[in-house]
Amino acid sequence: MKLRSLRVENQPELMIIPMIDIIFFLLVFFMISTLSMVEQHTIPVNLPQASAVKQEIPRTVNVTVMQNGQILFDQEEIPLPLLAKRVGIELLKQPDNVFVLRADKQVEYGKVITVLDELKQAGAHKVSVATEQKGR
């Protein structure tokens with residue numbers, strides 16, 4: 001008479017392929033559900049097509065204050081009283097010009113503020129001050 005062993009003969013198998021299928025299914029589910037949750041901040045509109053599409057980039061104008069106090073308007077030396085007039089001419093050509101004030105760090109603070117004040121009084125709304133990134 002043959003006795004059966006009380007131990008389980010079949011060991012459970014770990015099936016990898018169905019697990020991978022489930023993981024991919026969950027991944028796709030979360031990707032699609034996330035897309036529906038993202039709030040679009042634009043109103044969907046059917047835009048017309050054009051062959052001559054041009055994106056206007058504002059022109060930058062450099063105003064430089066040299067170490068000796070000279071003022072350069074795009075590499076052209078001008079006296080301080082004419083700076084406002086020159087800025088006004090540039091703003092008439094293109095109103096959204098960006099003026100970049102570049103001043104040597106040895107220049108007096110008051111001189112830089114005077115030039116900045118001239119830019120603002122001439123109507124320049126977009127003025128930035130150029131700096132160099134501090135080394136770490």
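Because only heavy atoms are used, hydrogens play no part in the values below, and waters and symmetry mates are left out as well, while side chains stay in.
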I'd like to know whether Leu72 forms a side chain to side chain contact (heavy atoms under 4.5 Å, CB included) with Asn62, so could you lay out the CA-CA distance, the side-chain angles of the two residues, the decisive distance to 0.1 Å, and finally the verdict. CA-CA 8 Å; Leu72 301 177; Asn62 292 323; over 6 Å; no
Show me the pairs that pass side-chain hydrogen bond (donor to acceptor under 3.5 Å, both in side chains) and involve residues 72-81, at least two apart or across chains.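 Sorted result for residues 72-81: Arg59-Asp74, Gln70-Glu77, Glu76-Arg86.
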Please check: side-chain N/O of Asn97 versus main-chain N/O of Glu90, any donor-acceptor pairing under 3.5 Å? yes
Atom pair CG/CZ of Leu35 and Phe30 - distance to nearest 0.5 Å: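 If we round to the nearest 0.5 Å, Leu35:CG and Phe30:CZ are 13.5 Å apart.
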Only pairs under 3.5 Å count here: list side-chain donor-acceptor contacts from residues 102-109, not counting sequence neighbours, and write none if there are none.
from	atom 1	to	atom 2	distance (Å)
Asp104	OD1	Gln106	N	2.8

Under the 4.5 Å side-chain heavy-atom rule for ILVMFWY, direct or indirect, which residues accompany Met31?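 Met31 clusters with Leu14, Ile16, Met19, Ile20, Phe24, Leu27.
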Apart from Ile17 itself, what residues make up its hydrophobic cluster when side-chain heavy atoms of I, L, V, M, F, W and Y under 4.5 Å apart count as a link, directly or indirectly?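 Besides Ile17, the hydrophobic cluster comprises nothing; the residue is isolated.
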Evaluate side chain to side chain contact (heavy atoms under 4.5 Å, CB included) for Leu101 paired with Phe99, printing each intermediate quantity in order. CA-CA 6 Å; Leu101 178 59; Phe99 294 91; over 6 Å; no
Non-neighbouring partners of Pro18 that pass side-chain contact (heavy atoms from CB on, under 4.5 Å), sequence neighbours left out: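 By the side-chain contact (heavy atoms from CB on, under 4.5 Å) rule, Pro18 matches Met15.
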Report whether Ile78 and Leu80 are members of the same hydrophobic cluster (ILVMFWY, side-chain heavy atoms less than 4.5 Å apart, transitive linking). yes
According to a 4.5 Å side-chain heavy-atom criterion applied to Ile, Leu, Val, Met, Phe, Trp and Tyr, with indirect links allowed, do Val63 and Leu91 form part of one hydrophobic cluster? yes
Using distance only, find each side-chain donor-acceptor pair of residues 111-131 under 3.5 Å and give its atom names and separation, not counting sequence neighbours.
from	atom 1	to	atom 2	distance (Å)
Thr114	OG1	Gly110	O	2.7

